[in-house]
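Written out below as structure tokens is the structure these notes cover.
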Amino acid sequence: MFKKAVEAKSHQRLSGADRKKLRRSIKDKFQRVSDSDLDALLPPKAEIAVAKFQNRVHVYAVEGGFPVFFDVDGRGSDIFPTVYALWIVPELLPAFVLKGGEVSRFVIGGADLMFPGITVPPEGLPSFRAGEPWAVKVPGNPAPIAVGSTTMSSDEALKAGLRGKALRITHYYRDLLWESAEGCYVPNAGFFEDVVFEDPSSLQASCDSDSTDVTGETSTDQQNNQKSDGVVESLDVNELQRDSVSGLVPPNDGENDAVDGVTEGLSDLKLPDTASGNDPNDQQTLSTADIDSLLDKCLLQALHTTVKDKDLPLPGSTLWSNHVLPCRPSGITLDIKKSSYKKLSKWLQAKSTSGLISVKEDKHKKEVMLFSVNRNHADYSSFKPEKRRVEKSEQPSVQSTNEVRTSKTLEVTEIYKPSVHVNAIFSAVGADPGKLFSASEATDIVFTYVEKENLVKPTNKSIVILDALLCDSLYKGAIKKGTTYPTEIHKKDLGSTFVSRMQPHHVVTRGNESVVRKGALKTIQLLTERRQGNKKVTKLSGMESFLIDAEALASELQKKFACSTSVAELPGKKGHEVLVQGGVIDDLARHLIEQYGVPKRYIEVLDKTKK
């Protein structure tokens, strides 16, 4: 679908009602998507833009980010996620796994997916209906490379002997939709190398979806089970990154070497963490005066680099989305509503009054148009456009990633200290009762005593006869008065009974920090409850037991869930409580398991909002 360039018919921001309608359509279309997944793709506080094309295709993107969804017919009934969106939420769509790299070269070349190129799992072909959206993955990698719709149901496919077309590809890795936002996608270290912008004029393709060029052409059918020569197992990451972002240029289908070069690296694609460039909270706080100054700077940068006299007259919305926004500094979300002008038209009128530009309102379109630029103006002449560079720092970034990984690696060990009940057994075998022992080491101690005293029952080797010392160690104080003490015990129960008479301790190690505490390891408690009507809040406590700093965790969760967080001391107890706005209890538990290595058995979850 995105093989040839087509100009966008219009660009606009979605209103609040349209945003809600889009979210409802996505939730109805994709049953797997959760509220947190949807917030990661369409942040609640970020502006959502839509680019409408002559072939009825609508492309939705977070302003200043990359495209996340596209609607084939523009009616909301045939919505697909982009490859970028699937890299953030890989499980958004079910996926077919290819048989190998020789098949992927056809998929990213624009061909539809054939059944002979699909790996059928041992449990059989998964169930699906005709017209369902599915993704395409390469073996051993969760990062999808394409998305499309099924051409037949699973029952029809089995009747056809798994022959013919399986998936009609609508969007794939390295097509024009992907390339339109290639420079905007800045994942974690190790995914791609940084982009180097040699000249600001190369930023003609905006990072917004407004500059996306699409087409209505469908891909031609090719047999995906063909094999190609020259496919290697690995790829230098440099081959996966452009030197700069330029206008959309249709790929040359005849250059197979370019396709091969991309295909070679599909197995090395890695998914980013859930934190992405779409997070609206990950930015600097700017005052109104700072935003006004930044607006002027971005406008002058655009007038020097991307706005050409031959392109005039230019609609104000196009000037803003395709020229001004791409010139803002990295990590800054530029919102005209937060400036002193409040509206784009008022800002352009003010610049026109100063003599820098000439604008006029189009009565038919009801939009301000840019007609001319005064390149002799003092502000224009004194401004020096900057060449933006992103310095490569591959090695430090890799080191910092490893340091973060090491700092979050958790090891929990349960150990035991001999109590007064079992001290005699340790002394009898020559072990130090003042040391700490693991459960297996303590079990070995008691079996060493049994072997030394020859307490195994001759007629039944699985039974241990209890002498006075061993009987007191196991049962003294635990048997009610008047009850007869047992005279023997099964070997399978001896170790656990002996360990239960010892004092439990635990060792928690995270990175280079280690601590030994008395007693059993306390669990992390997650609680969701309602406050002030229908609002939900999630509480987290007990994270100190796993060497997790409450303040650092609260700051991390604020960025991850795009919500407010706070830290408070637990009343009458030691430790802190982290409060997260919203019902994110399941996602928070998953975050603790995946990012901090907390075992699932140490997390208690209680959702009071569920009836």
Side-chain angles (χ1 to χ4, degrees), residues 406 408-525 541-548 573-575 593 596-604:
T406 303
K408 291 189 177 182
T409 302
L410 177 71
E411 292 183 8
V412 178
T413 307
E414 294 179 347
I415 55 177
Y416 302 87
K417 184 178 181 180
S419 63
V420 293
H421 303 292
V422 298
N423 279 342
I425 300 295
F426 281 85
S427 300
V429 298
D432 186 1
K435 291 185 177 180
L436 297 172
F437 299 86
S438 65
S440 60
E441 291 172 342
T443 303
D444 292 340
I445 294 292
V446 68
F447 275 101
T448 301
Y449 176 80
V450 170
E451 184 179 353
K452 178 182 177 182
E453 300 296 329
N454 195 19
L455 299 179
V456 178
K457 192 173 184 178
T459 57
N460 189 350
K461 299 296 183 181
S462 62
I463 302 297
V464 175
I465 300 175
L466 300 178
D467 61 3
L469 186 61
L470 183 57
C471 184
D472 288 345
S473 298
L474 298 180
Y475 298 109
K476 187 176 181 180
I479 300 293
K480 293 183 179 180
K481 291 183 179 180
T483 305
T484 305
Y485 279 80
T487 58
E488 56 186 32
I489 187 174
H490 199 282
K491 281 186 177 181
K492 67 179 182 180
D493 300 324
L494 177 60
S496 59
T497 305
F498 184 76
V499 170
S500 67
R501 301 282 284 176
M502 301 175 67
Q503 295 178 356
H505 288 64
H506 61 272
V507 180
V508 179
T509 304
R510 185 179 295 280
N512 298 325
E513 186 179 359
S514 182
V515 63
V516 179
R517 295 191 180 98
K518 185 178 179 179
L521 182 60
K522 296 181 180 179
T523 59
I524 292 179
Q525 297 179 347
S541 60
M543 75 291 294
E544 291 89 355
S545 300
F546 297 88
L547 303 181
I548 300 175
K573 300 180 182 179
K574 288 185 178 181
I593 295 172
Y596 287 92
V598 179
K600 188 176 182 180
R601 66 180 183 275
Y602 291 118
I603 299 178
E604 290 186 7

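Only this structure's heavy atoms are used, side chains among them; waters, hydrogens and symmetry mates stay out.
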If we ignore hydrogens and angles and just use 3.5 Å, is the side chain of Arg517 paired with the main-chain N or O of Ser545 as donor and acceptor? yes
Taking Arg510 for its side chain and Ile548 for its backbone only, find out whether a donor-acceptor pair lies under 3.5 Å. no
With heavy-atom distances below 4.5 Å as the criterion, would you say the side chains of Val499 and Phe437 are in contact? no
How many angstroms lie between atom CG of Asp472 and atom NE2 of His421, to the nearest 0.5 angstrom? 10.5 Å
Side chain to side chain, Val456 and Ile465, heavy atoms closer than 4.5 Å: no
Determine whether Thr509 and Leu547 make a side-chain contact, defined as any pair of heavy atoms from C-beta on separated by less than 4.5 Å. no
Closest heavy-atom pair and its distance - Leu466, Pro486: CD1-O, 3.5 Å
Can you list everything that forms a side-chain contact (heavy atoms from CB on, under 4.5 Å) with Thr448? Sequence neighbours excluded, please. Val429
Side chains of Ser419 and Gln503: any donor to acceptor distance under 3.5 Å? no
Could you tell me the separation between the OH atom of Tyr449 and the CZ atom of Phe498, rounded to the nearest 0.5 Å? 10.5 Å
Is the shortest side-chain heavy-atom distance between Thr487 and Cys471 below 4.5 Å? no
Is the shortest heavy-atom distance from the side chain of Ile463 to the side chain of His490 under 4.5 Å? yes
Nearest non-hydrogen partners of Tyr416 and Ser438, listed with the distance: CD1-C, 4.3 Å
Donor-acceptor pair, distance only, cut-off 3.5 Å: does the side chain of His506 make one with the backbone of Gly519? yes
Within this structure, what is the CG-CG distance for the pair Leu474 and Asp493, rounded to the nearest 0.5 Å? 10.5 Å
Partners meeting ring-ring contact (aromatic ring centres under 6.0 Å, His included) with Phe546 (sequence neighbours left out): Tyr602
Not counting sequence neighbours, list each pair that qualifies as a salt bridge (charged side-chain N to carboxylate O under 4.0 Å, His left out) and has a residue in residues 432-444. none
CG on Leu455 to CD on Glu488, rounded to 0.5 Å: 12.0 Å
Does the Thr483 side chain pair with the main chain of Ile479, one donor and one acceptor, at a distance under 3.5 Å? no
Gap separating the CD1 atom of Ile445 from the CE atom of Met502, nearest 0.5 angstrom: 8.5 Å
Does a side-chain heavy-atom distance below 4.5 Å link Val515 with Val507? no
Is the backbone of Thr523 close enough, under 3.5 Å, to the side chain of Arg601 for a donor and an acceptor to pair up by distance? no
Hey, does Val516 have a side-chain heavy atom less than 4.5 Å from the side chain of Ile415? yes
Does the side chain of Glu414 reach to within under 4.5 Å of the side chain of Pro504, using non-hydrogen atoms? no
If we ignore hydrogens and angles and just use 3.5 Å, is the side chain of Ser500 paired with the main-chain N or O of Thr497 as donor and acceptor? yes
For atom NZ of Lys491, is the number of surrounding heavy atoms from other residues, nucleotides or ligands below 6.0 Å larger than 12? yes
Spatial distance of atom NZ (Lys476) from atom CG (Leu469) [nearest 0.5 Å]: 10.5 Å
Test your reading of the model: is there a side-chain donor-acceptor pair from Lys452 to the backbone of Ala428, 3.5 Å cut-off? yes
Which heavy atom of Pro599 sits nearest to which heavy atom of Leu410, and what is that distance? CD-CD2, 4.1 Å
